[in-house]
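Some notes on the structure that comes next.
Quick caveat, the model's predicted, so the values are computed rather than measured.
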Amino acid sequence: MFDYLEQQLTARLEALGWSSDRLQFSRPKKKENGDWATNVAMTLARDLKRSPIQIAEELMAGWQYDQSIVAKFIIVQPGFINFFQSSDYLLTQLQQVLDIGDDFGKGTTGAGKTAQVEFVSANPTGPLTVGHGRQTVLGDTLSSILTWSGYEVTREYYFNNAGRQMRLLGESLKARYLELKGLKMALPDGGYEGEYLINVARNLLADQPDLDADSDIDLFKSFAEESIFAIIKSSLDRIGVKHDVFYNERSLYETGKIDEVLALLREQGLIYEKDGATWFKTSELGIEQDRVLVKSSGEPTYRLPDIAYHREKIARGFDLVVDIFGADHIDAYPDVLSALKVMDLKTDHIHVVIHQFVTLLRSGEVVKMSTRKANFVTLDELIDEVGADVVRYFYIMRSASSHLNFDLDLAKRQTEENPVFYLQYANARISSIFRRAKERGLDTNIEGADLTLLNEEFTIALINETLTFPEVIDHCLRSLEVHHLPSYLFELATALHKFYTEYKVIDLDQPELSQARLALLEAVQITLRNGLRILGISAPDHM
RNA sequence: GCCCCUGUAGCUCAGCAGGAUAGAGCAACGCUUUCCUAAAGCGUAGGUCAGGUGUUCGAAUCACCUCAGGGGUACCA
């Protein structure tokens, strides 16, 4: 209908010699204002120096519209033109949902295109925390939206298993290991104090009991890395996330990509040495101060491999690249982009989604989180407490740019009034009605149902809500914000519950009407299931 | 100091490609179950959209300023 209106109105504007540049349509909030509206008459009023109402009337005078799409249109103060869809159109759309089924809502925006989503990317120094969890679910859900829109998506995890932090980790494990053998040894300065490392040390002791203070640190380091990666991957698995590529930063050194970047930047005269370190002259690129790329110790800072990695992302030819970062990484992003631009690379297709922090509340107190300190809450613990479905929903129900308050007590206490269960219940309710309908001997085959019987107020509302699904997916895609989807599904569930209380689906005296209503419920269930599938939340048939 | 995010109902937050009377959940109060799952539905109450100025026919939405909270501003990642 949108396409039809746009094409029709554009033609009419042009016929009158008026500009169609500012033609736009919106969905009115109130149903008395129709299904689609345009404000074009008001935006033209200034240029044409006439009243919006007059303009609208002249524009629409004598319009012969397709009655299988548009039922009527009205011109109202202060100058809106409101369009009402025909019931033919509505029911045709509904029939299409039934025909398309599991594919309802899929878009073609990304057809034939590739996308890469980088998320989590936590180094293997500790279990995933509640903070990582947000990024995990955000990235995974966004990936699903992209897949749903036709993209071929690569979910990627970038990690670094070398450098100062990993060395500290190895030393921390060594200290824990020796501690278990009764040898008092202090953790290194700034070392990892978390309990999980004691467990890793226990496993190492069981595996290799003969290590001592003189043993090679690399041994501890690699054992720690393997153990912790196993923990991380198990958390990801529990929450239903699977990465396609684990990209090791080290490979950038081995293939010489790091040196290439340095050479390219040097060619541009943007590299200099000072105090034994190698500096990137970011001050020439509009950034406040210069940055160190290689420390005086010879080790690069994280910026250099980040630049090389993103150069590789571009070289790998993705049509769309999305980085999901926590707010603490916000500073690196402009450096990386400016470096890429200096190297004459196109960066328009690289998008960065920055999510704000998760504040965890327990008993009304803010829980401080730090991987290196002992007191943090892991994603695993969170899943243990509230379950994977609830965790996934809570993480994406808010926009990424909002600070997220995750109240553990509330999440646990409220399990029965949780929005997740509200959605799942809507789905289960439909399944239940179908089961009951069969028991009562109704024909639950919806083929050939007479949809024209669906004409009551809340029925129409439910159909409209169902048909909005593709627009919601599109909105998520354009904004790279996934929280619109859970909001929408919640509204759809509300419309369903409302419908359920108003009308009886199973009515043995009116089998045709029952069949038509079952057909509608089928369409609603298709939509709920498709939506929940994207969110990675289960859709049980019983509650 | 500078950069990013945020400020909307008691609480948690949607809405922010400018549109018509600003929404939801929770909390509060009241109502609905001989009938397809009440994990539901309906109603009442609750707002100077942080404050100010500007742009516009029209601003919660855009611009600028101020205030408040969070994050960053490392030869940590």
Side-chain angles (χ1 to χ4, degrees), chain A residues 24 26 28-30 32-33 37-39 42-43 45-46 51-52 76-80 82 121-123 125 159-160 163-166 168 190 274-279 287-289 291-303 305-306 326-334 354-357 359 371-372 397-407 410 414-422 424-426 428-437 439-440 442 475 478-479 483-484 486-487 490-491 493-494 496-507 514 517-518 521 542-543:
Chain A
Q24 49 177 281
S26 59
K29 281 180 228 158
K30 308 278 177 194
E32 59 265 31
N33 288 329
T38 181
N39 60 354
M42 286 180 284
T43 58
R46 191 180 171 80
S51 88
V76 295
Q77 290 288 352
F80 288 105
N82 296 335
S121 296
N123 287 337
T125 57
F159 70 99
N160 166 14
R164 197 175 94 89
Q165 293 305 324
M166 289 304 290
L168 263 176
K274 192 180 98 186
D275 304 331
T278 303
W279 293 72
I287 289 168
E288 205 183 2
Q289 49 190 287
R291 307 288 192 187
V292 170
L293 291 185
V294 183
K295 300 184 238 174
S296 52
S297 66
E299 284 179 350
T301 63
Y302 65 94
R303 277 171 225 276
D306 269 6
D328 53 339
H329 279 64
I330 202 161
D331 215 52
Y333 166 59
I354 290 169
H355 69 87
Q356 296 300 312
F357 272 23
T359 306
T371 314
R372 280 174 235 177
M397 66 194 283
R398 307 298 181 212
S399 81
S401 59
S402 282
H403 294 254
L404 180 68
N405 279 318
F406 205 123
D407 189 326
L410 206 70
Q414 279 188 345
T415 27
E416 300 217 326
E417 292 178 7
N418 212 296
V420 183
F421 297 122
Y422 184 82
Q424 292 180 326
Y425 178 55
R429 199 167 221 185
I430 295 173
S431 297
S432 163
I433 292 169
F434 271 94
R435 280 194 300 271
R436 185 55 66 93
E439 278 169 31
R440 298 270 178 91
L442 264 179
H475 191 192
R478 284 169 195 271
S479 60
H483 68 281
H484 300 113
S487 307
F490 193 90
E491 281 168 25
T494 303
L496 172 80
H497 290 311
K498 176 77 178 160
F499 168 84
Y500 174 89
T501 37
E502 285 306 317
Y503 314 112
K504 207 155 163 52
V505 177
I506 299 173
D507 185 345
S514 292
R517 286 178 173 164
L518 285 171
L521 289 190
H542 299 266
M543 296 287 291

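Checking side-chain atoms of A/N123 against main-chain N and O of A/N160 turns up a donor-acceptor pair under 3.5 Å. Without hydrogens or angle criteria, A/T278 side chain to A/L293 main chain gives no donor-acceptor distance under 3.5 Å. Under the 3.5 Å distance criterion, the side-chain polar atoms of A/S432 are left unmatched by any main-chain donor or acceptor of A/A428.
Contact between the side-chain N/O atoms of A/R429 and the OP1/OP2 oxygens of B/A38 is found at a separation under 4.0 Å. Considering only side-chain N and O atoms, A/K30 lies nowhere under 4.0 angstrom from the phosphate OP1 or OP2 of B/U21. The phosphate of B/C57 (OP1 or OP2) has no side-chain N or O of A/Q77 nearer than 4.0 angstrom. When the side-chain nitrogen and oxygen atoms of A/S402 are compared with OP1 and OP2 of B/C13, none of them lie within a distance under 4.0 Å. Put simply, A/R46 has a side-chain N or O that comes within less than 4.0 Å of OP1 or OP2 on B/C57. Note on A/S399: a side-chain N or O is less than 4.0 Å away from OP1 or OP2 of B/A14. For B/A20, one of the phosphate oxygens OP1 or OP2 lies less than 4.0 angstrom from a side-chain nitrogen or oxygen of A/K29. Phosphate proximity of B/C76 to A/K295: present, with a side-chain N or O under 4.0 Å from OP1 or OP2. Proximity of A/Q289 to the phosphate of B/C3: no side-chain N or O atom is located under 4.0 Å from OP1 or OP2. The phosphate of B/C42 has neither OP1 nor OP2 within less than 4.0 Å of any side-chain N or O from A/Y500.
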Item to check | Criterion side chain to side chain contact (heavy atoms under 4.5 Å, CB included) on A/N39 and A/F80, from CA distance to verdict | outcome: CA-CA 5 Å; A/N39 60 354; A/F80 288 105; 4.2 Å; yes

Checklist entry - side chain to side chain contact (heavy atoms under 4.5 Å, CB included) between A/S402 and A/H483: does it pass, once the steps are laid out? => result CA-CA 11 Å; A/S402 282; A/H483 68 281; over 6 Å; no

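A/F357 places its CZ atom 15 Å from the P atom of B/C5, with the value rounded to the nearest Å. Computed from coordinates, the A/N405 CG to B/G69 P distance equals 16 Å when rounded to whole Å. Between A/H542 atom NE2 and B/C36 atom P there is a gap of 17 Å when expressed in whole angstrom units. Look at CG on A/L404: it is 14 Å from P on B/U6, rounded to the nearest Å.
A/Q424 comes within 4.0 angstrom of no nucleic acid atom, judged by non-hydrogen atoms across all strands. As judged by a 4.0 angstrom heavy-atom cut-off over every strand, A/A37 is placed among the base-contacting residues. Using a 4.0 Å heavy-atom distance criterion, A/E299 is classed as making no nucleic acid contact. Nucleic acid contact class of A/A45 (heavy atoms, under 4.0 Å, all strands): none. If you check every strand for non-hydrogen atoms under 4.0 Å, A/A122 touches nothing.
Pairing for B/G25 goes to B/C11, judged as Watson-Crick or G-U wobble with the two contacts each under 3.5 Å. Nucleotide B/U53 forms a Watson-Crick or G-U wobble pair with B/A63, both donor-acceptor distances falling under 3.5 Å. The partner of B/A68 is B/U6, by the rule that a Watson-Crick or G-U pair needs both atom distances under 3.5 Å. Nucleotide B/U73 forms a pair with B/G1, judged by Watson-Crick or G-U wobble geometry with both contacts under 3.5 Å. Of the nucleotides present, none pairs with B/U34 by Watson-Crick or G-U wobble criteria with both distances under 3.5 Å.
Evaluation of atom-type donor-acceptor distances gives a pair under 3.5 Å for the side chain of A/N82 against the base of B/A20. No hydrogens or angles were tested; on distance alone, nothing pairs the side chain of A/S432 with the base of B/C36 as donor and acceptor under 3.5 Å. Between the base of B/G72 and the side chain of A/D328 there is no donor-acceptor pair shorter than 3.5 Å.
For the pair A/A277 and A/I433, nearest-nucleotide mapping onto RNA chain B gives the more 5' position to A/I433. Taking the nucleotide of RNA chain B with the nearest heavy atom to each of A/I354 and A/H497, the more 5' of the two is matched to A/I354.
The stacking criteria are not both satisfied for A/F490 over the base of B/A24, which would need a centre-to-centre distance under 5.5 angstrom and an angle between ring planes under 30 degrees.
Taking atom C1' in both B/C62 and B/G1, one finds a spacing of 27 Å when rounded to whole Å. Look at the C1' atom in both B/A68 and B/U8: the space between them is 15 Å, to the nearest Å.
The shortest side-chain heavy-atom distance between A/Y422 and A/T494 falls under the 4.5 Å cut-off.
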